[in-house]
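Report on the structure given below.
Worth knowing before you read on, the calculation uses all heavy atoms, side chains too, and leaves out hydrogens, waters and symmetry mates. Letters A, B, ... mirror the listed sequences (proteins, then strands); counts begin at 1. As the structure is a computational prediction, the values presented were derived from the model and not from experiment.
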Amino acid sequence: MKLLLENAHIEGIRYYEAYRKNGGYRAVEKALKMTPDELVEEVKKSGLRGRGGAGFPTGMKWSFLAKPEGVPRHLVVNADESEPGTFKDRYLMEFLPHLFIEGMIVSSFALGSNASYVYIRGEYAWIPDILEQAIAEAKANGWLGKNIQGSGFDCEIYVHRGAGAYICGEETALIESLEGKRGNPRIKPPFPAIQGVWMRPTVVNNVETIAAVVPIINMGGEEYGKIGVGRSTGTKLMSACGNLKRPGVYEIPFDLSVEEFIFGDEWCQGIANGKKLKACIPGGSSVPILPANLLLKTAKGETRYMNYESLSDGGFQTGSMLGSGGFIVLDEDQCVVRHTMSLARFYKHESCGQCSPCREGTGWMYRILKKIEYGQGTMADIDLLWDIQRRIEGNTICPLGDAAAWPVAAAIRHFRDEFEWHITHPEESQARNYGLAHYADPLEVVA
Amino acid sequence: MSDNIKVTIDNITIEVPAGTSILEAARKIGGAVAPPTMCYYSHLKGSGGKCRTCLVEVSKGSEKDPRPMPKLVASCRTGVMDGMEVKSITSEKVVDARKGVTEFLLLNHPLDCPVCDQAGECHLQDLGYEHGKEGTRTEFERRTFEPEDIGPYIQLHMNRCIMCFRCVFTAEQLTDYREHGILDRGEHARISTCISKSLEHDFIGNVIDVCPVGALTDKTFRFKQRVWFTKPVDAHRNCTNPNCCGEVRLWMRGDEVFRVTARKDEWGEVAIASNGKPGWICNECRFEKKKTSDWVIEGPSNISRHSVISQGHYNKNVHEPQVELLAEVIGKQPVMKMDIYDVSEVNKPERHLSQIEGPAHSEDFK
Ligand SMILES: Cc1cc2nc3c(=O)[nH]c(=O)nc-3n(C[C@H](O)[C@H](O)[C@H](O)COP(=O)(O)O)c2cc1C
Ligand code: SF4
Ligand code: SF4
Ligand code: FES
């Protein structure tokens, strides 16, 4: 069942005419006849969880929004999408801009935001034009601007381009950056719901979260809530990449098994070049990597499904997270040490430098990983790495510190022997930087 | 006082006004219970939260909601709740985290204390003595920057900077315009000026006093003297600058004034002046008035913070309360800050510099 991408393949759906003809802007029509509180209630009933990574219930977030008399409120949409492996928001904005704008109008009405913002990563250089065109079309047809459809509600949407920093995806850094300042995460509390952009109450949501508001209003929160399993309601966009036969953006039902998603004909069609599955990062680079055995089945031996609960079954010891939906698959030829090193380099580069554990620790971890990868490491380095990640995690201002620590911890937890192999076989590891075929078969859990 | 609330830190219960931070509450108890602070500065709005040395464990959120907090929290930016229970030195997790933060802060630090003007009154040195360990586990080249002149009076040694942001807040809150800030990000983040040599504002000298390390140095004092070979003397003058309190500390040797700084309290922050405001001083008092005739001398300073200097026995007022109570509740003798006699032969314990009449000369510092 598709809720977001159902119309994605209709010719010209990017433009207003085709979008409207295929049922577009019905949600706005319906919403304007309801009260903002009723809309928040619908979203609460739907059980929608934030699609940006943390999976926080959206309805609850909206109900936390402070509403002091005479102070404007804002909706800010997080289109910074910089998590390695994640590219689903890009697909939505590029091919279904009107769905996204429609979601923004409905959400703005629900939250009482007369000026809403899209903060989009600088590297998506061509997408702001697409969004701005959609905004202009919506405005020309009376869906934006003053007195929308005679309802008395005014709303403008502004697209703000970032300058290319992953940290500006963190909601308070995003807010700082939107205000024109250096993108440093703020120290919380206060939370954005109380003091966000220009110290006004603000809701920050992911692009996909906002787009999902459209089917929720169209079908009713309760109906939406019936789709999916447990606390994973609706559908989820996954961006699958890595050594897959058919990588891409998929809209998945939450009762899909991981095995079916990787190997199913309708989905990724298995591992490219007839290789074996070695490991996978199921939810964007920040979540723990899982070896094949723990990916397909939980530690209890049950089938693992593509939803919030199942993917995190077993905690970080034997599980991972659905995160942002960046599904990165590694085949038997990939080297986990090298892979972890690349991720560490990313976090080192993207740390904002505000707090000591992340500023200093990310670079240290990268250098040690590099040393091990290039055959210079010692066994003590592995323990040192473990110690460093342990002292970063939970001790930083924003979750980037955790995001840098978790991949290293998971790689050591599940692939410690691969690290050790690099140390005991420096020459071989040099000659075969990309290969450790004998580790392709799932390993037992270490530590 | 009905709006006072109760908070227990390391098994010691005190009452504080609602809205107090855990850190300020812990400072009220004082001694080893007070978490070390490298970025928080009570006179600077918005400071704190960055260095993470002040992390504490909240084992009970409040009377109403007794759940413990899942992570360690920065005590300088977390408010107390009624009935809150906090563990500072009694928590193993906290002690471990502080060790970690100390190691991180020293990771790229040049350890050039032997040639650094801040040595002896450096908060990073104190932190290292208290929470660090000998040796280092890094073997990589440290990040380096060239020293930079950032105005007529101040030189920046970025290698030593710990990115506490205090100088940025100081410039923002004490001067009309800020002309320095943070460039780049991650481990390359650095303090710099937008226009080089532009830090000239008549209160900018205070950034030297707030800097916890030797990153911002006084060009009129650089390399002239080790601080423990000078004698701190409190003095004042009728400063014409309306925002300057004119109450300073002169660092003298013989009759020579080597350095002028603001007076500091037991937490190493600028002390409250007699006008009831933080005792910031202007550039003229700090950099231009280096003759004893410029000043009315009040007498030897009371240094109330443990440091190399306080061990010249100026520390009549060192606030080390409840040492016995502490020993009892934490089950061991609290660790005191560094003892200079362990590592140095200078300023012998039997010398009471504060009791020397008049100026102290070379032979007094042996
Ligand atoms: C370092 C970092 C980067 C992030 N990047 C993004 C991002 O690119 N896009 C996004 O939607 N959320 C990102 N987040 C999560 C946001 O902080 C925030 O939780 C999210 O936008 C909330 O939206 P949601 O409730 O709709 O998921 C990031 C968080 C961190 C800590
Ligand atoms: S954890 Fe890293 S990115 Fe987040 S505030 Fe600290 S230094 Fe900046
Ligand atoms: S120069 Fe000093 S005061 Fe400024 S950020 Fe660095 S350590 Fe802090
Ligand atoms: S003093 Fe609290 S984080 Fe630095």
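- For the set Ile397(A), Ile368(A), Ile392(A), the count of heavy-atom pairs under 4.5 angstrom toward chain B peaks at Ile397(A).
- Contact annotation for Lys371(A): only side-chain heavy atoms (C-beta onward) come within less than 4.5 Å of a heavy atom of chain B.
- Taking chain B as the reference chain and counting heavy-atom pairs below 4.5 Å, the highest number among Cys358(A), Gly361(A), Gly353(A), Ser356(A) is found for Ser356(A).
- Proximity of Leu23(B) to Trp267(B): side-chain heavy atoms (C-beta onward) are nowhere separated by under 4.5 Å.
- Remark: Tyr117(A) engages His74(A), Tyr158(A), Trp198(A) in a ring-ring contact (aromatic ring centres under 6.0 Å, His included) (not counting sequence neighbours).
- A salt bridge does not link Glu350(A) to Arg345(A): none of the charged nitrogens lies less than 4.0 Å from a carboxylate oxygen.
- With a threshold of 4.5 angstrom between heavy atoms, Leu55(B) approaches chain A through side-chain atoms but not through N, CA, C or O.
- A heavy-atom distance below 4.5 Å is not found between the side chains of His349(A) and Tyr166(A).
- Side-chain atoms of Ser351(A) and Glu187(B), non-hydrogen and from C-beta on, never get closer than 4.5 Å to each other.
- Per-residue heavy-atom pair counts under 4.5 Å with chain B were compared for Gly363(A), Cys352(A), Gly183(A), and the maximum is reached by Cys352(A).
- Neither the backbone nor the side chain of Ala380(A) comes within less than 4.5 Å of any heavy atom in chain B.
- We find that Lys348(A) and Glu360(A) are not joined by a salt bridge, their nearest charged nitrogen and carboxylate oxygen being 4.0 Å or further apart.
- Interface remark: Asp96(B) contributes backbone and side-chain atoms alike to the contact with chain A (heavy atom separation under 4.5 Å).
- Contacts between Arg359(A) and chain B at a heavy-atom distance below 4.5 Å involve backbone atoms as well as side-chain atoms.
- In this structure Phe56(A) satisfies the side chain to side chain contact (heavy atoms under 4.5 Å, CB included) test together with Met60(A), Lys61(A), Phe64(A), sequence neighbours excluded.
- By the 30° and 60° cut-offs, the orientation of the rings of Phe169(B) relative to Phe165(B) is tilted.
- The part of Thr396(A) that comes within reach of chain B is its backbone (N, CA, C, O), which places non-hydrogen atoms under 4.5 angstrom from that chain.
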Derivation of the side-chain contact (heavy atoms from CB on, under 4.5 Å) call for Phe104(B) and Lys99(B): CA-CA 9 Å; Phe104(B) 289 132; Lys99(B) 275 197 193 129; over 6 Å; no
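- Neither the backbone nor the side chain of Ile167(A) comes within contact range of chain B; no heavy atoms are under 4.5 Å apart.
- The candidate from Asp387(A), Thr362(A), Ile388(A) with the greatest count of non-hydrogen atom pairs under 4.5 Å with chain B is Asp387(A).
- The choice from Thr78(B), Val101(B), Asp184(B) that makes the most heavy-atom pairs within less than 4.5 Å of chain A is Asp184(B).
- Looking at Leu106(B), neither its backbone nor its side chain comes within 4.5 Å of chain A, counting heavy atoms on both sides.
- Ranked by heavy-atom pairs shorter than 4.5 Å toward chain A, the options Cys51(B), Cys39(B), Gly181(B) are led by Cys51(B).
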